[in-house]
Visitor: 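Here it is: the structure, laid out below.
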Number of protein chains: 2
Amino acid sequence: MLPDMSVFTPGQVVEETGFSLDTLRYYERIGLLEPVGRNAAGQRRFTQDDIGWLGMVRCLRDTGMPIAEMLRFAELVRAGEHTIPDRIALLEAHDRRVEAQVANLREKQTAIRNKIGYYRAVSC
Amino acid sequence: MLPDMSVFTPGQVVEETGFSLDTLRYYERIGLLEPVGRNAAGQRRFTQDDIGWLGMVRCLRDTGMPIAEMLRFAELVRAGEHTIPDRIALLEAHDRRVEAQVANLREKQTAIRNKIGYYRAVSC
DNA sequence: ATGGCACCTGGAGTCGGCTCCAGGTCAAGC
DNA sequence: GCTTGACCTGGAGCCGACTCCAGGTGCCAT
């Protein structure tokens, strides 16, 4: 019998998302992930939707959004379509922070490169 | 009598560097800052060099260098001129990480913007 | 001379975000 | 029928980086 390709074992999700199994369980515990479905034996079986949501979580985490704010976003998503304007607002605010982050990083990087240049100059 | 412009009180350093007083003391405790000079009353008096070093620390921190690595860098600086090639290597490795960080940020930002675009589309 | 403020110390506490552990369950292959 | 491996649970532990606290000192303006 073909495996059901629309469900994923914890191991597959670890592989796909790069989150550790402990982190996945932690995210479920705190409610960042909705209660994940289980098979007869009580083992988690993730849906394609879960994977998609985890992709979003990965984006937000990697861009520095704190878990508390991701929780707020998760609640908006669960509350239904009428929260879409709020979700847009939240993501736009975050996008602005990411932009500022990049600008700051670039600025500091310039200073570091200047320092490297200075070291090169004195060591020649 | 004119104040000695080449020395700074803790308050002035907080002002200049944006580090909190507690953070400055913490940095001194762990050796990220060399023992800071004191006045007769035992209060810290920072030199222009201290301020300069704190500027470097600010750059490295803001670009995500962990304290442990800044400590290694601080040791190289203290060890003298002959460590300049090592310092260059350390900073270049860090510069590469910053570059990767920016690239990752940009990539994730694109995904977030796409999500915003999607939300806009469905809410119209 | 007194009150307030900026500063001092050592040590404990906090916070975010995981990560690890002990002890247990199932399913499948040898 | 037994081992192996992937998974389960609740709860404790850890790590980095601060941040706060209690109790004390010294200087300056009223």
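Chain letters run A, B, ... following the sequence lines, proteins first, then strands; residues in each count from 1.
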Visitor: Any heavy-atom pair between the side chains of L54(B) and L24(B) that's under 4.5 Å?
Guide: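 Yes; the side chains approach each other to less than 4.5 Å.
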Visitor: Spell out, as yes or no, whether a donor-acceptor pair under 3.5 Å connects the side chain of T83(B) to the backbone of D86(B).
Guide: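 Flag not set: sc T83(B) to bb D86(B) has no pair under 3.5 Å.
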Visitor: Any residue in residues 58-72 of chain B with a heavy atom nearer than 4.0 angstrom to DNA chain C? Just list them by number, or reply none.
Guide: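 Contacts with DNA chain C under 4.0 Å: none.
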Visitor: How close or far is atom C1' of dC8(C) from atom CZ of R25(B), stated in whole angstroms?
Guide: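 About 7 Å, once rounded to whole Å.
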Visitor: F19(B) near the nucleic acid: base, sugar-phosphate alone, or nothing, with a heavy-atom cut-off under 4.0 Å?
Guide: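 Nothing, no nucleic acid heavy atom in range.
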Visitor: Hey, can you tell me if W53(A) and F73(A) have their rings parallel, tilted or perpendicular (30° and 60° cut-offs)?
Guide: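 Aromatic pair W53(A)/F73(A) classed parallel.
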Visitor: Salt-bridged, E92(B) to R97(B), with N to O below 4.0 Å?
Guide: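 Answer for the salt bridge query: no.
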Visitor: Would you say D50(A)'s side chain and T47(A)'s backbone share a donor-acceptor pair under 3.5 angstrom?
Guide: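 Flag set: sc D50(A) to bb T47(A) pair under 3.5 Å.
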Visitor: At a heavy-atom distance below 4.0 Å, which nucleotide of DNA chain D is the first touched by chain B, and which is the last?
Guide: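 Listing 5' to 3', DNA chain D meets chain B from dA17(D) to dG26(D).
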Visitor: How about T63(A) and D95(A): do any of their side-chain heavy atoms sit closer than 4.5 Å?
Guide: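 SC-SC contact between T63(A) and D95(A) ruled out.
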Visitor: Is the shortest distance from a Lys or Arg side-chain nitrogen in E16(B) or R58(B) to a carboxylate oxygen in the other one below 4.0 Å?
Guide: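 No salt bridge links E16(B) with R58(B).
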Visitor: Can you measure Y27(A) atom OH to dG17(C) atom C1' for me and round it to whole angstrom units?
Guide: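 Interatomic distance, OH of Y27(A) to C1' of dG17(C): 8 Å.
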Visitor: Quick one: which of dC26(C), dC18(C), dC8(C) gets closest to the side chain of R44(B)?
Guide: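 Closest nucleotide to the R44(B) side chain: dC8(C).
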Visitor: Given side chains that start at C-beta, do those of L33(B) and F19(B) come closer than 4.5 Å, heavy atoms only?
Guide: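 The answer is no; the side chains never approach within 4.5 Å.
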Visitor: Given side chains that start at C-beta, do those of R38(A) and R44(A) come closer than 4.5 Å, heavy atoms only?
Guide: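 Yes, side chains in contact.
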Visitor: Output the rounded distance in Å from CD (Q43(B)) to P (dA6(C)).
Guide: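 In whole Å, dA6(C) P lies 11 Å from Q43(B) CD.
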Visitor: Separation of Q12(B) atom CD from dA6(C) atom P, in whole Å?
Guide: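 One finds 13 Å between P of dA6(C) and CD of Q12(B), rounded.
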Visitor: With nearest nucleotide decided by heavy atoms, which residue, A40(A) or T23(A), maps closer to the 5′ end of DNA chain C?
Guide: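 Nearer the 5' end of the strand: T23(A).
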Visitor: Looking at D22(A) and dC20(C), is any side-chain donor or acceptor paired with a base atom of the opposite kind under 3.5 Å?
Guide: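 In this structure, the two groups form a donor-acceptor pair.
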Visitor: Just how far, in rounded Å, is P of dC8(C) from CZ of R29(B)?
Guide: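 Going from R29(B) (CZ) to dC8(C) (P), I get 12 Å.
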Visitor: Figure out the CG/P separation between L21(A) and dT19(C), and round it to whole Å.
Guide: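 It works out to 12 Å between those atoms.
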Visitor: Starting at atom CZ of R45(B), determine the distance to atom P of dA6(C), rounded to an integer number of angstrom.
Guide: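 Rounded to whole Å, this separation is 13 Å.
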Visitor: Return the value, rounded to whole Å, for the distance between atom CG of L32(A) and atom C1' of dG16(C).
Guide: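 The answer, rounded to whole Å, is 14 Å.
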